[in-house]
A.B. asks: 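This is the structure I have questions about; it appears just below.
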Amino acid sequence: MGDIQALRGTRDILPEEVNYWQQVETVAKEILTKAAYTEIRPPIFEQTALFERGIGEATDVVSKEMYTFRDRGDRSCTLRPEGTAGVVRAFIEHGLQSQGVQRLWYTGPMFRYERPQAGRQRQFHQIGLELLGSPSPLADVETIALATDILERLGLQHLTLELNSVGDASDRQRYRAALVEYLTPYKDQLDADSQDRLTSNPLRILDSKDEQTQAILEKAPRLLDYLGEESRQHFEQVKAQLTALGIDYKLNPNLVRGLDYYTHTAFEIQSADLGAQATVCGGGRYDGLVSQLGGDDTPAMGWAIGMERLILLLKQLKDPPDPRLDFYMASRGDRAPAQALILAQKLRHQGFRVELDLSGSRFQKQFKRADRSGAVACLILGDAEADQGTVNLKWMATQEQSVLKQNQLLANSEELRQQIWQAAHQE
RNA sequence: GCGAGCGUAGCCAAGUGGUUAAGGCAGCGGAUUGUGGUUCCGCCAUUCGUGGGUUCGAGUCCCAUCGUUCGCCCCA
């Protein structure tokens with residue numbers, strides 16, 4: 001074993017797994033494209049200040065999980081811990097608000113310095129979406145619907161959409177004051193983390209898992225009761241529209257989410273089939289973020305799907321989609337292998353999927369590999385065939401074989417395609 | 001950052017202080033100089049994550065360290 005290994009919390013996605021990734025990317029891209037979302041590709045690292053201001057200094061992500069370093073120009077840079085801040089920065093920097101509502105999606109790696117566990121790594125991947133410029137509750141619902149579309153199209157089951165509203169900034173301020181007032185007398189009875197949060201980030205005490213803390217919270221003021229009329233109406237419309245689309249949800253008044261920028265709608269899609277990290281998709285509305293980062297006041301809504309978690313679920317369901325090999329090309333001799341490559345290339349140009357055996361080993365071994373490769377047919381080229389411009393075509397399932405002129409094989413590609421299709425579907 | 005479990009080949013593993021470290025899968029070569037899915041034979045760990053210690057003797061016990069897994073925190 002070599003002494004250099006992938007860093008803790010990072011891993012290689014090997015060929016046997018990559019088909020899952022491509023399937024997810026294909027499905028997501030198709031669904032998002034149909035809803036007029038276009039891809040955006042911001043850089044993977046940004047100025048540290050972007051995340052500090054965007055996500056919030058008091059959050060765990062910023063205070064202890066960022067990969068931050070100084071470059072040779074002594075700038076403080078940070079590997080993106082999430083996608084929204086970079087997209088919003090690009091939106092502001094390029095004046096995209098002047099082009100009306102922006103529907104954007106992105107995919108790629110994110111980085112957080114955390115202890116790895118099931119469904120969590122230091123480099124992980126997200127597919128995310130941002131809808132900027134619409135304050136409508138319908139915008140919230142459109143994005144949520146697209147998330148559920150993607151997950152359903154991939155065949156996932158046992159998913160729960162958890163929903164809450166955290167109100168607007170002034171609602172939260174009033175609620176925060178009320179909550180702190182209620183909790184302060186109980187301070188000594190709260191768990192240690194919650195005691196700290198009482199001053200730093202009181203709302204997040206709500207989703208503490210500590211039993212005693214939860215017991216105290218039972219009689220605490222409820223966030224939903226502190227929503228202003230506007231926030232309340234917004235939330236009602238979101239719920240009504242979800243129902244109209246046939247999307248089930250479960251209200252979770254303690255769903256607060258970790259990042260500071262959320263307003264109004266907050267949601268998570270959770271799976272019962274994951275470990276402790278059950279959230280497959282999380283997101284919400286963030287009406288204050290664009291202006292907070294120096295742009296024009298712009299309402300926005302977005303979410304991110306955790307690819308690793310999604311693929312964990314996919315693996316429980318089914319084998320990866322496996323593109324079938326049309327031909328396995330066996331060759332051996334002095335002149336045949338070189339000619340085999342030329343023939344393979346011509347077949348590939350016609351759209352066939354062809355694997356060329358480069359081993360030069362005995363035909364028996366090459367057949368064994370042809371068998372294992374799952375190819376529908378095997379093409380055999382020895383020096384005898386090479387000298388005559390012929391090739392031996394063998395159908396793996398029936399063992400039928402025939403000698404054809406190479407030109408003839410190439411000239412009848414449509415017929416060949418049909419034969420392959422039939423052979424592949426006879427099993 | 002905290003807690004617990006686990007590190008024997010590419011993968012799955014047996015081994016619980018005593019001569020040369022089972023077995024299986026995969027891989028490679030051969031039986032069969034050009035015909036597969038079966039079979040048979042051979043090859044594939046001077047060494048048990050790493051370093052130190054205990055012992056006549058350590059994969060096996062102890063300590064440290066690194067890695068990994070699951071959980072806490074938090075999040076996708």
Side-chain angles (χ1 to χ4, degrees), chain A residues 1-11 14 16 55 58-65 80-84 107-128 147 151 191-194 196-197 201 204 207-210 255-259 262 267-271 274-283 302-313 328 330-333 336 357 359 361-375 377-386 392-401 403:
Chain A
M1 194 194 304
D3 58 350
I4 296 184
Q5 300 173 22
L7 281 169
R8 156 169 283 194
T10 71
R11 56 187 212 99
L14 295 172
E16 61 188 48
I55 300 171
T59 61
D60 283 23
V61 169
V62 170
S63 64
K64 59 185 193 192
E65 295 173 3
R80 63 182 185 195
E82 54 94 54
T84 300
T107 185
M110 307 292 163
F111 305 86
R112 292 183 199 172
Y113 191 86
E114 295 184 277
R115 196 72 179 266
Q117 69 184 73
R120 177 161 66 208
Q121 294 166 238
R122 291 182 173 179
Q123 175 177 332
F124 62 103
H125 299 77
Q126 293 184 332
I127 287 182
L151 300 175
D191 60 282
D193 287 319
S194 293
D196 291 341
R197 291 201 196 106
N201 202 340
R204 251 186 314 141
D207 56 15
S208 166
K209 284 177 189 165
D210 185 81
L255 176 61
V256 178
R257 305 194 49 69
L259 312 184
Y262 287 109
F267 79 96
E268 287 187 1
I269 298 173
Q270 305 204 341
S271 166
L274 286 168
Q277 310 304 321
T279 303
V280 180
C281 175
W303 51 247
I305 287 173
M307 297 270 283
E308 278 81 0
R309 292 180 189 176
L310 182 52
I311 284 162
L312 239 36
L313 293 173
Y328 192 92
S331 69
R332 180 171 164 83
D357 191 311
S359 69
S361 51
R362 300 195 340 235
F363 275 115
Q364 180 173 0
K365 296 293 178 192
Q366 298 197 43
F367 275 107
K368 205 160 193 162
R369 290 189 206 104
D371 187 42
R372 296 224 167 147
S373 77
C378 191
L379 289 167
I380 306 133
L381 201 68
D383 283 340
E385 288 87 350
N392 199 334
L393 170 64
K394 174 171 179 175
W395 298 95
M396 295 306 282
T398 61
Q399 305 196 47
E400 283 172 42
Q401 58 182 319
V403 178

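All chains are named by letter (A, B, ...) in the order of the sequence lines, taking the proteins before the strands, and each is independently numbered beginning at 1.
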A.B. asks: Under 4.0 Å, counting only non-hydrogen atoms across every strand here, what does V280(A) touch: a base, just sugar-phosphate, or nothing?
C.D. replies: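 Sugar-phosphate contact only.
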
A.B. asks: Does a donor on one side chain sit under 3.5 Å from an acceptor on the other, for R369(A) and S359(A)?
C.D. replies: yes

A.B. asks: Which nucleotide, C73(B), G29(B), A76(B), lies nearest any side-chain atom of K365(A)?
C.D. replies: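 Of the candidates, G29(B) comes closest.
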
A.B. asks: Regarding A118(A), tell me which of base, sugar-phosphate or nothing describes its non-hydrogen contacts under 4.0 Å with the strands shown.
C.D. replies: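 Sugar-phosphate: the residue A118(A), judged by heavy atoms under 4.0 Å, touches backbone atoms but no base.
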
A.B. asks: Report the nucleotide, chosen from G36(B), C2(B), C73(B), that has the shortest atom-to-atom distance to any side-chain atom of R115(A).
C.D. replies: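 Selected nucleotide: C2(B).
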
A.B. asks: Determine the contact category for R362(A): base if any of its heavy atoms lies under 4.0 Å from a base atom, sugar-phosphate if only primed atoms, P, OP1 or OP2 are that close, otherwise nothing.
C.D. replies: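 The answer is sugar-phosphate, as R362(A) gets under 4.0 Å only of primed atoms, P, OP1 or OP2.
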
A.B. asks: Mind checking the C1' distance from U35(B) to C43(B)? Whole angstroms is fine.
C.D. replies: 25 Å

A.B. asks: Quote, to the nearest angstrom, the C1' distance that separates C2(B) from A13(B).
C.D. replies: 33 Å

A.B. asks: Could you measure between the two C1' atoms, the one in C56(B) and the one in A4(B), and give it in whole Å?
C.D. replies: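 Looking at atom C1' only, C56(B) and A4(B) are 37 Å apart.
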
A.B. asks: Ion pair present between E400(A) and K394(A), side-chain N to carboxylate O less than 4.0 angstrom?
C.D. replies: no

A.B. asks: Report yes if at least one side-chain N or O of R332(A) is closer than 4.0 Å to OP1 or OP2 of G34(B); otherwise report no.
C.D. replies: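 Affirmative; the distance criterion is met.
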
A.B. asks: Looking for any heavy atom pair under 4.0 Å, which part of the strands does Q123(A) touch: base, sugar-phosphate only, or nothing?
C.D. replies: nothing

A.B. asks: Starting the side chain at C-beta, find the nucleotide from C73(B), G30(B), U35(B) nearest to F367(A).
C.D. replies: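 Within the option list, the nearest is U35(B).
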
A.B. asks: Using a cut-off of 4.0 Å on non-hydrogen atoms, how would the nucleic acid contact of C378(A) be classed: base, sugar-phosphate, or nothing?
C.D. replies: nothing

A.B. asks: Is there, by distance only and without an angle test, a donor paired with an acceptor across the side chain of E65(A) and the base of G1(B) below 3.5 Å?
C.D. replies: no

A.B. asks: Select one nucleotide: of U69(B), G37(B), G27(B), the one nearest the side-chain heavy atoms of P116(A).
C.D. replies: U69(B)

A.B. asks: With a 3.5 Å cut-off and heavy atoms only, can you find an N or O donor on one side and an acceptor on the other between the side chain of E385(A) and the base of G34(B)?
C.D. replies: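 Answer yes: a donor N or O sits under 3.5 Å from an acceptor.
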
A.B. asks: Measuring from atom CZ of F111(A) to atom OG1 of T10(A), what distance do you get when rounded to the nearest 0.5 angstrom?
C.D. replies: 9.5 Å

A.B. asks: If the cut-off is 4.0 Å, is Q5(A) near the phosphate of G67(B), judged by side-chain N/O to OP1 or OP2?
C.D. replies: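 No.
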
A.B. asks: Could you check which of A26(B), C72(B), G34(B) has an atom nearest any side-chain atom of R120(A)?
C.D. replies: C72(B)

A.B. asks: Taking the C1' atom in each of G29(B) and A64(B), what is the distance between them to the nearest angstrom?
C.D. replies: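 So the two C1' atoms sit 45 Å from each other.
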
A.B. asks: So E268(A) and T279(A), side-chain hydrogen bond (donor to acceptor under 3.5 Å, both in side chains) or not? Walk me through it.
C.D. replies: CA-CA 6 Å; E268(A) 287 187 1; T279(A) 303; 3.0 Å; yes

A.B. asks: Which part of the nucleic acid, if any, lies within contact of M307(A), taking any heavy atom under 4.0 Å across all strands shown: a base, the sugar-phosphate backbone alone, or nothing?
C.D. replies: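 No contact.
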
A.B. asks: Taking the same atom, P, in U47(B) and in G59(B), what whole-Å distance lies between them?
C.D. replies: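 The answer is 11 Å between these two P atoms.
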
A.B. asks: How is Q399(A) classified with respect to the nucleic acid when contacts are heavy atoms under 4.0 Å: base, sugar-phosphate, or nothing?
C.D. replies: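 Since a base atom lies under 4.0 Å of Q399(A), the category is base.
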
A.B. asks: Which part of the nucleic acid, if any, lies within reach of L310(A) when heavy atoms closer than 4.0 Å are counted: base, sugar-phosphate only, or nothing?
C.D. replies: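 Touches nothing.
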
A.B. asks: Compare side-chain N and O positions of R369(A) against OP1 and OP2 of C28(B) and report whether any pair is under 4.0 Å apart.
C.D. replies: yes

A.B. asks: Answer with base, sugar-phosphate or nothing: what part of the nucleic acid does G282(A) contact at a heavy-atom distance below 4.0 Å?
C.D. replies: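 Sugar-phosphate only.
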
A.B. asks: Examine the base of U35(B) for any acceptor or donor lying under 3.5 Å from a partner atom in the side chain of Q364(A), and report the outcome as yes or no.
C.D. replies: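 Absent.
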
A.B. asks: Please tell me if Q117(A) has a side-chain N or O lying less than 4.0 Å from either OP1 or OP2 of C72(B).
C.D. replies: yes

A.B. asks: With heavy-atom distances below 4.5 Å as the criterion, would you say the side chains of Q123(A) and P109(A) are in contact?
C.D. replies: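 The answer is yes; the side chains approach within 4.5 Å.
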
A.B. asks: Base, sugar-phosphate alone, or nothing: which one does A330(A) contact when heavy atoms must sit under 4.0 Å apart?
C.D. replies: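 Touches nothing.
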
A.B. asks: Please work out if G333(A) contacts a base, only the sugar-phosphate, or nothing of the nucleic acid, heavy-atom cut-off 4.0 Å.
C.D. replies: nothing

A.B. asks: More than 12 non-hydrogen atoms from neighbouring residues, nucleotides or ligands closer than 6.0 Å to CZ on F363(A), yes or no?
C.D. replies: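 Buried by this count: over 12 neighbours within 6.0 Å.
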
A.B. asks: Determine the minimum heavy-atom distance between R122(A) and P116(A), stating which atoms define it.
C.D. replies: NE-CD, 4.3 Å

A.B. asks: State whether the distance check finds a donor on one side and an acceptor on the other, under 3.5 Å, for side chain K368(A) versus base G37(B).
C.D. replies: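 Under the 3.5 Å cut-off, the side chain and the base do not form any donor-acceptor pair.
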
A.B. asks: Suppose you measure atom C1' in U60(B) against the same atom in U8(B); what distance do you get, rounded to whole Å?
C.D. replies: 11 Å

A.B. asks: Mark yes or no for a side-chain to base donor-acceptor pair under 3.5 Å between Q366(A) and U35(B), with no hydrogen or angle criteria applied.
C.D. replies: no

A.B. asks: Using atom P in both nucleotides, what's the gap between G15(B) and G1(B) to the nearest angstrom?
C.D. replies: 36 Å

A.B. asks: Distance check, P atoms only: A26(B) and C12(B), in whole angstrom units.
C.D. replies: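 To the nearest whole Å, 15 Å.
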
